[in-house]
Amino acid sequence: MSMITSTTWVPRGFAAPFPTKYNFDEEEFERIATLAKLQLDDANEDLEEAQEQEAQLAENGGSSKKKKKKTKKESSPKPDARDQIEIDDDLKEYNLDTYDDDDDEATGEAQQMGMFGNAKALAYYESNKDDPYITLQDDGGEDDDDREDLQIMATDNLLLATKIEDELAHLEVYVYEDEADNLYVHHDIMLPAIPLCVEWLDIPVGKSSVDKDSAANFVAVGTFDPDIEIWDLDTVDCMYPNAILGQGGNAEEGKKKKRKKSKKANDEYHVDAVLSLAANRKHRNLLASASADKTVKLWDLHTTKCAQSYSYHTDKVCSLAWNLTESTVLLSGSYDRTAAMADMRAPTEAPIRVGVESDVETVKWDPHDPNYFFVSTESGIVHYFDARNATKDPSASKSVWTLQAHDESVSSFDLNAVIPGFMATGSTDKKVKLWNITLQGPSLVVARDVDVGKVFSTSFGPDAEVAFRLSVAGSKGTVSVWDTSTNSKVRAAFAQKMPSKLSGPVDVEDKLVGVVDDESSSDDDDEEGDSEEDGEPGEAHSMDEAED
């Protein structure tokens with residue numbers, strides 16, 4: 001089984017031209033050992049709790065059986081010394097009776113082995129020339145080839161995808177070469193659980209060697225585990241995340257007695273799956289997270305601690321988006337069938353809400369007018385709201401227009417930040433649809449099955465040079481980048497809005513770039529891969545007109 005659950009782009013200019021190899025030095029060992037000890041303590045606590053429960057059950061009814069086993073064990077006679085086999089005189093010189101003992105000849109004390117102890121015991125040399133056990137030295141040509149393979153050009157974009165493959169979870173870091181129409185996996189990062197969301201960060205986290213406010217290339221990943229892992233994208237082959245937001249990353253607490261894990265929602269960390277992440281681009285040290293524990297949390301990336309927790313939803317919170325102008329206003333969507341707008345500076349203030357007909361899937365602000373926002377739902381509808389008309393009563397809300405975009409859930413959608421009125425929706429019906437939003441409302445431009453299975457992620461390129469590129473991923477475990485400017489109907493619909501981007505002839509129709517995964521495709525999906533339906537520009541589909 002293979003599946004991609006979420007994707008996000010990295011703008012040009014942030015990735016290091018030559019990502020560095022992971023360096024497992026003494027400082028890194030100490031950091032990993034501290035963080036790993038927290039997880040080991042959690043496992044020991046779970047074991048102790050299970051043993052206590054077993055002991056209680058034994059006292060209430062199973063004590064006789066356990067006692068019988070213990071009696072049998074105690075009644076077993078101890079082996080007599082005369083029954084032991086003596087070591088043959090010819091083998092005594094090999095000292096086989098102490099063969100398994102690991103003595104330190106220098107100190108005379110046995111080496112203590114713990115978690116990562118075997119890694120620390122390995123001698124590390126900066127160069128093979130310094131290693132006395134390597135007699136055949138290389139000429140450096142292979143290192144130069146590896147360095148060239150890792151190079152990322154200034155005209156490249158990174159595309160991040162969280163993937164499940166054969167019960168393994170990892171983050172794949174793709175490089176998209178627009179001019180060469182090429183998409184390939186640069187490196188990947190192993191994850192502890194099924195990933196649900198991913199967010200790119202432009203600030204270094206957990207890296208004391210650089211200024212905390214400098215530009216960086218990091219990523220935050222939310223999974224079924226309640227902790228949020230943060231990784232450095234410019235370092236390959238990492239063993240452990242740079243930081244963990246949540247109880248699993250509380251290193252200071254690990255020095256004391258570890259607290260019992262709580263499954264009750266609290267103000268310090270999530271206790272259930274993390275469903276959405278949103279980085280604040282103006283207040284760069286702030287990261288918002290939404291969870292199945294019904295809370296929204298605000299994290300300070302400088303301290304990696306929870307700065308504030310919010311509990312104004314009554315069901316799972318599944319989507320977040322910061323307002324582009326009012327940078328402290330956060331939009332959230334929930335399975336309680338509401339979307340809420342809250343100022344993070346006023347945690348006790350009741351948020352403004354709007355109500356919808358079914359569970360919310362995704363929420364987004366209009367990138368070209370911060371007074372409006374979109375809400376997609378499980379029933380396949382996209383709502384367009386005016387935030388200025390919303391109240392604290394969700395039942396009183398009325399959308400500017402509603403669009404029956406798909407027959408099944410609108411699992412993802414995106415608004416083009418460069419091209420006004422350009423919207424893409426993706427659904428579990430395996431279709432991707434492109435829409436042109438005008439003053440009269442949305443109209444369908446084109447609909448396609450791009451052969452990624454059920455669509456879980458649709459995202460426009462972040463830079464003007466790739467504004468017409470749409471990444472699509474889903475249940476087949478593949479990522480495709482659709483150059484929508486090669487579609488004739490897209491060119492006709494947006495020629496007035498982006499004439500410079502659509503000038504000149506195009507020889508290729510609907511150009512798709514992707515990494516093919518043959519094992520994940522099925523015959524049924526392949527048969528549906530060529531279906532396409534087009535809509536005429538200006539034609540409204542299932543749209544309610546706005547009232548004056």
Ser471 side chain vs Ser459 backbone, donor-acceptor pair below 3.5 Å: yes
With Asp225 via side chain to side chain contact (heavy atoms under 4.5 Å, CB included) - residues at least two apart: Pro192, Ala193, Thr223
Inspect the contact between Arg345 and Asp343 and indicate whether a charged nitrogen and a carboxylate oxygen are less than 4.0 angstrom apart. yes
Closest heavy-atom pair and its distance - Trp322, Ala288: CZ2-CB, 3.8 Å
Hey, are the side chains of Val455 and Ser427 touching, using non-hydrogen atoms and a 4.5 Å cut-off? no
Determine whether Asp178 and Asn157 make a side-chain contact, defined as any pair of heavy atoms from C-beta on separated by less than 4.5 Å. no
Can you name the closest pair of heavy atoms from Ala279 and Leu201 and give their distance? CB-CD2, 3.7 Å
Would you check, one step at a time, whether the test salt bridge (charged side-chain N to carboxylate O under 4.0 Å, His left out) holds for Asp449 with Lys431? CA-CA 5 Å; Asp449 184 336; Lys431 292 288 184 65; over 6 Å; no
Would you find a donor on one side and an acceptor on the other, under 3.5 Å apart, between the side chain of Thr486 and the backbone of Lys511? yes
Using side-chain heavy atoms (C-beta onward) and a distance below 4.5 Å, is His187 in contact with Asp237? no
dist His186:NE2 -> Leu158:CG (nearest 0.5 Å) comes out at 7.5 Å
Are Phe460 and Leu415 close enough, and set up right, to give a side chain to side chain contact (heavy atoms under 4.5 Å, CB included), and what steps lead you there? CA-CA 7 Å; Phe460 283 109; Leu415 286 306; over 6 Å; no
Sequence neighbours excluded - ring-ring contact (aromatic ring centres under 6.0 Å, His included) pairs with any residue from residues 154-185: Trp9-Tyr176
Hey, what do you get for NE2 (His406) to NZ (Lys433), rounding to the nearest 0.5 Å? 5.0 Å
With heavy-atom distances below 4.5 Å as the criterion, would you say the side chains of Phe374 and Asp366 are in contact? yes
Greater than 12 external heavy atoms within 6.0 Å of Glu326's CD: no
Out of curiosity, Ile228 CD1 to Leu301 CG, how far, rounded to the nearest 0.5 Å? 9.5 Å
With under 30° as parallel and over 60° as perpendicular, where do the rings of Phe494 and Phe468 fit, or are they tilted in between? perpendicular
Kindly write out the residues that satisfy salt bridge (Lys or Arg N to Asp or Glu O under 4.0 Å) with Asp300, not counting sequence neighbours, or none if the list is empty. none
By the definition salt bridge (charged side-chain N to carboxylate O under 4.0 Å, His left out), identify the one residue from Asp213, Asp234, Asp232 that meets it with Lys207. Asp232
Would you kindly say whether Thr162 and Ser6 are connected by a side-chain donor-acceptor distance under 3.5 Å? yes
Nearest 0.5 Å please: distance from the OG atom of Ser480 over to the CG atom of Leu512. 5.5 Å
Between Glu177 and Asp156, is the side chain to side chain contact (heavy atoms under 4.5 Å, CB included) condition met? List the steps. CA-CA 5 Å; Glu177 300 174 333; Asp156 294 341; 3.4 Å; yes
d(Arg469 CZ, Asn416 CG) to nearest 0.5 Å is 11.0 Å
Smallest separation among heavy atoms of Ser309 and Thr295, with atom names: OG-CB, 4.2 Å
Under 3.5 Å donor-acceptor, Thr425 side chain and Ala405 backbone: no
Worked verdict on Val445 versus Phe422 for side chain to side chain contact (heavy atoms under 4.5 Å, CB included): CA-CA 10 Å; Val445 177; Phe422 193 7; over 6 Å; no
Cys318 to Ser276 - nearest heavy-atom pair and separation: O-CB, 3.4 Å
Is there a side-chain contact between Ile189 and Val221 in this structure, where contact means two heavy atoms from C-beta onward sitting under 4.5 Å apart? no
Is there a donor-acceptor pair under 3.5 Å between the side chain of Arg12 and the backbone N or O of Ala154? no
Do Ser289 and Leu277 come within less than 4.5 Å of each other through their side chains, counting heavy atoms only? yes
For a salt bridge (charged side-chain N to carboxylate O under 4.0 Å, His left out) check, start with the C-alpha distance between Glu199 and Arg281, then their side-chain angles and the critical distance, and finish with the verdict. CA-CA 12 Å; Glu199 180 73 339; Arg281 300 305 175 192; 3.6 Å; yes
Validation row: Phe218, Ile203 side chains within 4.5 angstrom (heavy atoms): no
Exam field: side chain Asn217 to backbone Leu233, donor-acceptor pair closer than 3.5 Å: no
What class does the angle between the rings of Trp365 and Phe373 fall in, given that below 30° is parallel, 30 to 60° is tilted and above 60° is perpendicular? perpendicular
Do we see a donor-acceptor contact under 3.5 Å between the side chains of Lys476 and Thr478? no
Any heavy-atom pair between the side chains of Ser2 and Lys163 that's under 4.5 Å? yes
State, to 0.1 Å, how close Pro204 and Ser214 come at their nearest heavy-atom pair, and which atoms those are. CD-O, 3.0 Å
Could you walk me through whether Glu361 and Phe413 pass the side chain to side chain contact (heavy atoms under 4.5 Å, CB included) check? CA-CA 9 Å; Glu361 289 286 347; Phe413 75 98; over 6 Å; no
Polar contact flag, side-chain donor to acceptor under 3.5 angstrom, Thr458-Ser412: yes
Got more than 12 heavy atoms from elsewhere within 6.0 Å of CE, Met190? yes
Identify the heavy atoms of Pro241 and Glu229 that sit nearest to each other, and give their distance. CG-CD, 3.9 Å
From CZ (Arg284) to CG (Asp202), nearest 0.5 Å: 4.5 Å
If you measure only the distance, is there a donor-acceptor pair under 3.5 Å linking the side chains of Asn285 and His302? no
